[in-house]
J.: 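This is the structure I want to talk about, given as structure tokens.
Just so we're on the same page: letters track the sequence lines, and every chain starts at 1.
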Amino acid sequence: MAEHRYDPQEIEPRWQEVWAGERTWEVANGSEAGGRASNSYVLEMLPYPSGEPHIGHLKVYSVGDAIAHYHRRTGHRVLHPMGYDAFGLPAENHAIKTGVHPRDSTAASIASFQREFRRWGISIDWSRELATHEPGYYRWTQWIFLELFGAGLAYRKEAAVKWCPKDQTVLANEQVDADGHCERCGALVEVKQLEQWFLRITDYAERLLGDLDQIEWPEHVKTMQRNWIGRSEGAEVTFRCEDLDPAHPIDYPVFTTRPDTLFGATFFVMAPEHPDVLRLAEGTEHEQAVREYVNVALNETNEERGNVEKEKTGVALGRTVTNPVNGEQIPMYVADYVLMEYGTGAIMAVPGHDERDYAFARKYGLPVRRVIEGPASAAPDADPSAAETTEEGLPYSGDGLLVNSHADFDGMPNREALSAIVAWLDREGKGHASVNYKLRDWLISRQRYWGTPIPIVHCPGCGAVPVPFEQLPVELPEIEDYTPKGRSPLAGAEDWVNTTCPECGGEALRETDTMDTFVDSSWYFLRYCDPHNDDAAWDPEALREWMPVDQYIGGVEHAILHLMYARFFCKALADLGHLDFQEPFEALFTQGMVTKDGAKMSKSRGNVVSPAAIIERYGADTARCYILFIGPPDQDADWSDEGMEGVHRFLSRLWRLAAETAERTDTPSGDAAAEEELLRKAHWAIDKVSGDLRRFAFNTAIAAVMELLNECSRLREDTSVESQKFALATAASLLFGFAPHVSADVYERLTGGRVWEQPWPQAEEELLERDVYELVCQVNGKLRDRVQAAAGADAEELKELCRAAPNVKAHLDGKQIVKEIVVPGKLVNLVVR
RNA sequence: GCCCGGGUGGCGGAAUCGGUAUACGCAGCGGAUUUAAAAUCCGCGGCCCGCGAAAGGGUAUGUGGGUUCGAGUCCCACCCCGGGCACCA
């Protein structure tokens with residue numbers, strides 16, 4: 001018999017050629033049979049093409065491909081496309097450093113991604129490939145922007161923006177980390193005033209929150225989105241200031257979640273950015289101090305200002321406002337612990353029931369008043385001599401009964417008082433119930449070159465005018481110098497910038513900002529459905545066929561930004577009549593990180609595992625299979641070269657045994673018991689893998705196929721060639737989604753057929769059940785023996801079997817059985833005394 | 001500080017509904033094959049006691065308690081690791 005050696009370098013390209021040549025994974029729109037119900041859209045997050053694909057890419061596309069194949073073989077037409085999120089800063093920074101045009105470096109990287117994906121054998125419909133930097137794509141990104149602009153959902157305003165001094169660009173709030181550093185380059189972020197484009201995502205806060213209940217996403221991702229949206233219920237309450245001009249009082253609304261503590265408000269605080277701060281302090285003895293304080297506060301970094309541990313600071317404005325519930329005049333302050341971006345930029349301070357206000361009050365000697373009686377303060381053993389120290393137990397943020405407030409409310413439980421006080425405010429015109437969100441509008445302006453140009457013309461007469469549809473796309477001009485100088489590099493392309501107003505025909509200037517790349521990736525999944533459409537972003541009919549995505553797969557690092565933006569786009573486009581669904585991703589799976597030696601892979605650590613090197617040596621099947629076998633795919637996993645070699649051995653054994661079996665001509669009938677055992681194992685594996693695939697448990701699915709293969713070799717001498725062929729072909733069939741090349745090869749050798757054209761195997765019920773099983777015999781919950789029991793035996797028979805088991809008998813000696821527990825099919829537990 | 005995950009052999013992990021803890025793989029040990037090695041194949045394996053072996057027994061899923069005939073799994077308290085949010089009124 002010829003020597004059989006598993007040679008992935010020969011096997012893998014051979015099958016890749018078949019799939020490429022026959023365009024096996026392409027699906028056309030306009031399916032006659034089945035319709036939407038039998039279609040399935042399996043999508044992995046599109047890669048940002050930079051350099052070569054890394055091990056994280058191998059993981060996400062291995063997971064996605066396993067799902068795509070499973071859907072195909074369980075009767076679905078599967079859309080499984082690929083594209084590139086091709087605009088972005090790294091390519092532009094590379095251009096600044098080397099002078100290579102971002103288009104060229106991006107093209108080189110895309111080419112290497114394409115090559116690798118083909119070498120990995122991922123079942124991609126290449127006919128729908130797209131890249132977000134192509135004019136044919138960003139033309140429609142611009143169209144969507146204009147649709148939003150037309151609906152008032154894209155707007156321009158001057159804003160204090162987060163500015164990265166190193167990248168010389170504006171960042172979204174989401175792109176600044178908790179310590180105030182740029183998420184990309186790590187530089188300390190500054191604040192700058194600029195006219196910027198925003199998308200009104202805050203209009204959708206409530207729906208983005210509410211619709212989370214309809215989708216099958218991991219609970220922790222939903223929680224992150226809920227926290228990010230940050231919904232708070234409370235009231236807006238008006239505090240009036242009559243100090244400047246009693247004839248023209250100024251009303252300052254504040255947002256509070258605790259209107260029940262209004263009677264405990266003893267001072268009032270404004271954010272340093274509040275536009276009225278300087279005006280209020282003007283002419284008072286505090287004017288100079290306020291001016292200085294505001295200056296210092298505005299120059300603070302986010303890191304300094306955001307530090308909760310930092311001592312509270314502030315300065316009196318020398319003015320007072322009236323507390324609307326009791327008419328008290330309370331002093332006004334400016335302090336940096338109040339944020340301009342949340343609520344109204346001013347707060348009522350209730351030091352008795354808020355930790356921050358309490359710290360501030362203690363520092364500046366302001367009165368602290370208890371207006372809610374908590375359980376602690378009501379304790380009977382409170383020291384009566386401490387009656388003076390009214391601050392005992394404060395600040396108290398829990399529930400309790402109102403005190404020191406007003407005869408109408410004192411003694412009322414605070415939750416009840418809250419509604420009563422809001423109702424009273426409403427009647428008096430001094431406030432109303434209100435809801436606030438932490439979510440901010442999405443700042444999409446970037447002063448960078450390598451992005452989608454914002455299709456707007458600024459006309460001195462007509463203002464911001466949309467570029468007419470027939471002039472789209474507004475193409476990126478060629479420029480010489482990408483270096484950021486505090487304005488967009490596009491501003492340097494004068495021929496391009498100078499244009500005429502589409503409305504009045506007069507001289508006008510093009511918008512020079514480009515869009516945040518998250519805009520590009522907020523709708524790409526729609527374009528895949530109809531990627532070559534030149535007349536529209538998509539044909540609604542194509543979307544009806546595929547959308548929403550049945551299974552989306554990607555890294556948990558996109559749990560907030562990308563997923564929130566994509567959801568927002570769908571809702572906005574649905575409102576504009578372009579979509580007939582609200583949520584883009586029906587189900588989401590987030591995969592964990594692959595680490596090496598317990599740490600994130602990085603060049604500086606020198607612990608990078610290169611997929612290309614692995615594949616060259618062991619083949620794609622080994623790499624793909626190992627990355628799924630390593631552990632549950634939603635968890636982080638540590639790469640081990642030895643572990644991978646184990647998987648390689650497994651695939652080698654499978655292939656070798658199959659190659660030898662395919663050549664076997666002897667047909668011994670086989671031992672009947674062994675035949676049945678092998679057959680049962682095969683059906684057990686079918687059942688096990690089917691269940692595991694439905695719950696993304698690829699690691700145990702692969703383990704089950706390993707068990708089946710072990711059984712094949714163990715029973716090799718006792719079983720017929722036919723049984724061996726069946727068991728091995730079943731193993732290959734189950735393994736196809738994880739290791740497609742070797743599985744296709746094995747399956748063809750054994751059966752002559754193409755495994756991907758076979759329906760998913762079905763386990764036969766009667767082969768999963770056994771007529772005898774091992775009955776576990778326990779005494780007082782401890783395992784004492786195992787005996788053979790008939791599947792149909794009743795409780796009495798099982799008890800009898802247990803009592804008769806040799807080692808059980810020994811433990812019953814001299815004891816009395818007080819209880820017998822029978823779990824048919826499993827165990828008997830005898831409780832003795 | 002608040003909100004999520006997670007803690008099981010030497011290692012990665014399994015145990016899907018409260019029912020045999022440690023599947024599968026790695027590393028290890030013993031054997032076969034080989035002049036030898038690699039490769040391959042077979043076998044053993046939590047820890048402790050059992051003089052070496054076997055039968056058997058004890059004990060173990062971060063710690064301490066609880067519920068239950070029975071707990072890795074449920075409840076209470078705590079420790080450690082990872083992630084998210086964080087002066088959001």
J.: Atom CZ of Phe629(A) and atom P of rC11(B): how far apart are they, to the nearest Å?
T.: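 Distance check: Phe629(A) CZ to rC11(B) P gives 17 Å.
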J.: Any salt bridge linking Asp399(A) with Arg415(A)? Criterion: basic side-chain nitrogen under 4.0 Å from a carboxylate oxygen.
T.: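 Looking at Arg415(A) together with Asp399(A), the answer is yes, because their closest N to O distance falls below 4.0 Å.
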J.: Looking at His811(A), I'd like to know whether one of its side-chain N or O atoms comes within less than 4.0 Å of OP1 or OP2 on rG56(B).
T.: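 Looking at the OP1 and OP2 atoms of rG56(B), neither is under 4.0 Å from any side-chain N or O of His811(A).
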J.: Answer with base, sugar-phosphate or nothing: what part of the nucleic acid does Asn829(A) contact at a heavy-atom distance below 4.0 Å?
T.: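 Here Asn829(A) touches the bases of the nucleic acid.
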J.: Which of these nucleotides, rC24(B), rG19(B), rC3(B), is closest to any side-chain atom of Thr223(A)?
T.: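 The listed nucleotide nearest to Thr223(A)'s side chain is rC3(B).
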J.: Provide, to the nearest angstrom, the distance between the CZ atom belonging to Arg714(A) and the C1' atom belonging to rC41(B).
T.: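 That distance rounds to 15 Å.
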J.: Can you check the distance between rC17(B) and rC24(B), where both ends of the measurement are the C1' atom (answer in whole Å)?
T.: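 Pairwise C1' distance, rC17(B) against rC24(B), rounds to 23 Å.
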J.: Which whole number of Å gives the distance between the P atom of rG7(B) and that of rU61(B)?
T.: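 After rounding to an integer number of Å, I get 13 Å for this pair.
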J.: May I ask you to verify if any side-chain N or O of Asn699(A) is less than 4.0 angstrom from the OP1 or OP2 atom of rG25(B)?
T.: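 Looking at the OP1 and OP2 atoms of rG25(B), neither is under 4.0 Å from any side-chain N or O of Asn699(A).
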J.: C1' atom, rU33(B) versus rC26(B): distance in rounded Å?
T.: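 Result for the C1' pair: 24 Å, nearest Å.
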J.: Please state how far atom CG in Asp636(A) lies from atom C1' in rG83(B), giving the value in whole angstrom units.
T.: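 In whole Å, rG83(B) C1' and Asp636(A) CG are 9 Å from each other.
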J.: Salt bridge check: are Glu341(A) and Lys438(A) linked by an N-O gap of less than 4.0 Å?
T.: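 No, Glu341(A) and Lys438(A) are not salt-bridged.
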J.: Applying a 4.0 Å non-hydrogen cut-off, can you work out what Ser640(A) is touching in the nucleic acid: base, sugar-phosphate, or nothing?
T.: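 Answer is nothing: Ser640(A) stays at 4.0 Å or more from every strand.
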J.: Do Arg680(A) side-chain atoms and Glu769(A) backbone N/O form a donor-acceptor pair below 3.5 Å?
T.: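 It does hold such a pair.
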J.: Determine the interatomic distance between P on rG5(B) and the same-named atom on rA60(B); round to the nearest Å.
T.: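 rG5(B) and rA60(B) have their P atoms separated by 28 Å.
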J.: Under 3.5 Å, is there a donor on one side chain and an acceptor on the other for Asp692(A) and Thr700(A)?
T.: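 Yes - a donor-acceptor pair under 3.5 Å links their side chains.
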J.: Indicate, with a heavy-atom threshold strictly under 4.0 Å, whether Val350(A) touches base, sugar-phosphate, or nothing.
T.: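 No contact.
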J.: Using a 90° cut-off around 0 for syn, call rC17(B) syn or anti.
T.: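 The base of rC17(B) is oriented syn (glycosidic angle within 90° of 0).
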J.: Between rU59(B) and Lys782(A), is there an OP1 or OP2 to side-chain N/O distance shorter than 4.0 Å?
T.: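 Looking at the OP1 and OP2 atoms of rU59(B), one of them is under 4.0 Å from a side-chain N or O of Lys782(A).
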J.: Taking the inter-plane angle between the rings of Phe696(A) and Phe589(A) on a 0 to 90° scale, is it parallel (under 30°), tilted (30 to 60°) or perpendicular (over 60°)?
T.: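 Taking Phe589(A) first and then Phe696(A), their aromatic rings lie parallel (interplane angle under 30°).
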J.: Indicate syn or anti for rG52(B), taking the glycosidic torsion and treating anything within 90° of 0 as syn.
T.: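 With its glycosidic angle more than 90° from zero, rG52(B) counts as anti.
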J.: Can a side chain N or O of Thr700(A) be found less than 4.0 Å away from OP1 or OP2 on rC24(B)?
T.: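 It does not, given that no N or O in the side chain of Thr700(A) lies less than 4.0 Å from OP1 or OP2 of rC24(B).
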J.: Whether the side chain of Lys312(A) and the base of rC87(B) hold a donor-acceptor pair under 3.5 Å is what I'd like checked.
T.: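 Side chain to base: pair present.
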J.: Tell me what Val823(A) touches on the nucleic acid: a base, only sugar-phosphate, or nothing, going by heavy atoms under 4.0 Å.
T.: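 The answer is base, as Val823(A) lies within the cut-off (heavy atoms under 4.0 Å) of a base atom.
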J.: Rounding to the closest angstrom, what is the interatomic distance between rC87(B) and rU73(B) at atom C1'?
T.: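 Looking at atom C1' only, rC87(B) and rU73(B) are 41 Å apart.
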J.: Given the P atoms of rG62(B) and rG72(B), what is the spacing between them in whole Å?
T.: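 Per the computed distance, 10 Å lies between those P atoms.
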J.: Given atom OH of Tyr6(A) and atom C1' of rA39(B), what is their separation to the nearest angstrom?
T.: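 Between C1' of rA39(B) and OH of Tyr6(A): 16 Å.
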J.: Write down the distance separating the C1' atoms in rC2(B) and rU59(B), rounded off to the nearest Å.
T.: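 Between the two C1' atoms, the distance is 40 Å.
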J.: Considering only side-chain heavy atoms of Ile630(A), which listed nucleotide, rG12(B), rC69(B), rA89(B), is closest?
T.: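 It is rG12(B).
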J.: Please report the distance separating the C1' of rA14(B) from the corresponding atom of rA39(B), rounded so that it comes out in whole Å.
T.: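 The answer is 30 Å between these two C1' atoms.
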J.: Toward the 5' end of RNA chain B, which comes first, Met348(A) or Gly646(A), by nearest nucleotide?
T.: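 Checking each residue's closest nucleotide, the 5'-ward one belongs to Gly646(A).
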J.: State which of rC85(B), rG25(B), rA89(B) makes the closest approach to the side chain of Met706(A).
T.: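 So the side chain of Met706(A) is nearest to rG25(B).
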J.: Could you check whether any side-chain N or O of Gln225(A) sits under 3.5 Å from a backbone N or O of Ala559(A), counting only pairs where one atom can act as donor and the other as acceptor?
T.: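 Between the backbone of Ala559(A) and the side chain of Gln225(A) there is a qualifying donor-acceptor contact (under 3.5 Å).
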J.: Between rG84(B), rG13(B), rG57(B), which one does the side chain of Pro632(A) approach most closely?
T.: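 My answer, after comparing the listed nucleotides, is rG13(B).
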J.: Using a heavy-atom cut-off of 4.0 Å across all strands, would you classify Leu827(A) as base, sugar-phosphate, or nothing?
T.: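 Base: the residue Leu827(A), judged by heavy atoms under 4.0 Å, touches a nucleobase.
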J.: Between Asn710(A) and rG25(B), is there a side-chain N or O to OP1/OP2 distance below 4.0 Å?
T.: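 Indeed, a polar side-chain atom of Asn710(A) lies that close.
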J.: Report the distance from atom CZ of Phe650(A) to atom P of rA23(B), rounded to the nearest whole Å.
T.: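 It works out to 17 Å between those atoms.
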J.: When we call it a touch if two heavy atoms are under 4.0 Å apart, what does Glu341(A) touch: a base, just sugar-phosphate, or nothing?
T.: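 Glu341(A): no heavy atom of the nucleic acid under 4.0 Å.
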J.: Report which part of the nucleic acid Arg695(A) touches: base, sugar-phosphate, or nothing (heavy-atom distance under 4.0 Å, all strands).
T.: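 If one applies the 4.0 Å heavy-atom cut-off, Arg695(A) turns out to touch a base.
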J.: Tell me whether the OP1 or OP2 atom of rG57(B) has a side-chain N or O from Asn807(A) closer than 4.0 Å.
T.: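 Checking Asn807(A) against rG57(B): at least one side-chain N or O falls below 4.0 Å of OP1 or OP2.
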J.: How long is the line joining CD of Glu707(A) and C1' of rA23(B), in whole Å?
T.: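 Rounded to the whole Å, the gap is 6 Å.
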J.: Does Glu677(A) pair with Arg714(A) as a salt bridge, N-O distance under 4.0 Å?
T.: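 Counted as a salt bridge, because a side-chain N and a carboxylate O are separated by less than 4.0 Å.
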J.: Is Asn227(A) side chain donor-acceptor paired with the rC85(B) base, going by distance under 3.5 Å alone?
T.: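 Looking at the base of rC85(B), it does not pair with any donor or acceptor on the side chain of Asn227(A) (distance under 3.5 Å).
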J.: Examine Lys312(A) relative to Phe360(A) and say whether NZ or CZ is less than 6.0 Å from the centre of the six-membered ring and inside a 45° cone about the ring axis.
T.: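 The answer is no, since Lys312(A) fails at least one limit relative to Phe360(A).
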J.: Which nucleotide in the set rC41(B), rU16(B), rC24(B) lies at the smallest distance from any side-chain heavy atom of Arg656(A)?
T.: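 Selected nucleotide: rC41(B).
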J.: One thing to verify: whether Asp213(A) and Arg226(A) come together as a salt bridge, which I'm taking to mean a side-chain N less than 4.0 angstrom from a carboxylate O.
T.: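 Salt bridge: yes.
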J.: By nearest atom, which of the nucleotides rG25(B), rA89(B), rC26(B) is closest to the Arg649(A) side chain?
T.: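 Nearest to the side chain of Arg649(A) among the choices is rC26(B).
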J.: Just the rounded figure in Å: distance from C1' of rA14(B) to NZ of Lys688(A).
T.: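 Answer to the nearest Å: 8 Å.
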J.: Could you tell me how far apart Lys826(A) (NZ) and rA71(B) (C1') are, to the nearest whole angstrom?
T.: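 Rounded to whole Å, this separation is 15 Å.
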J.: Between Arg231(A) and Glu206(A), is there a salt bridge with N-O shorter than 4.0 Å?
T.: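 Looking at Arg231(A) together with Glu206(A), the answer is yes, because their closest N to O distance falls below 4.0 Å.
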J.: Relative to the ring of Trp655(A), is the ring of Tyr6(A) parallel (under 30°), tilted (30 to 60°) or perpendicular (over 60°)?
T.: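 Answer is tilted, since the angle falls between 30° and 60°.
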J.: From C-beta outward on Ile347(A), which listed nucleotide comes closest to its side chain: rG19(B), rG13(B), rA89(B)?
T.: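 Nearest to the side chain of Ile347(A) among the choices is rA89(B).
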J.: Quick check on RNA chain B: between Gly643(A) and Thr257(A), whose nearest nucleotide comes earlier from the 5' end?
T.: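 Between the two, 5'-proximity favours Gly643(A).
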J.: Using a 3.5 Å cut-off on both pairing distances, which stems of three or more Watson-Crick or G-U pairs include RNA chain B?
T.: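 So far as stems of 3 or more pairs are concerned, RNA chain B shows B:1-7 with B:79-85, B:10-12 with B:24-26, B:28-32 with B:40-44, B:46-49 with B:56-59, B:62-66 with B:74-78.
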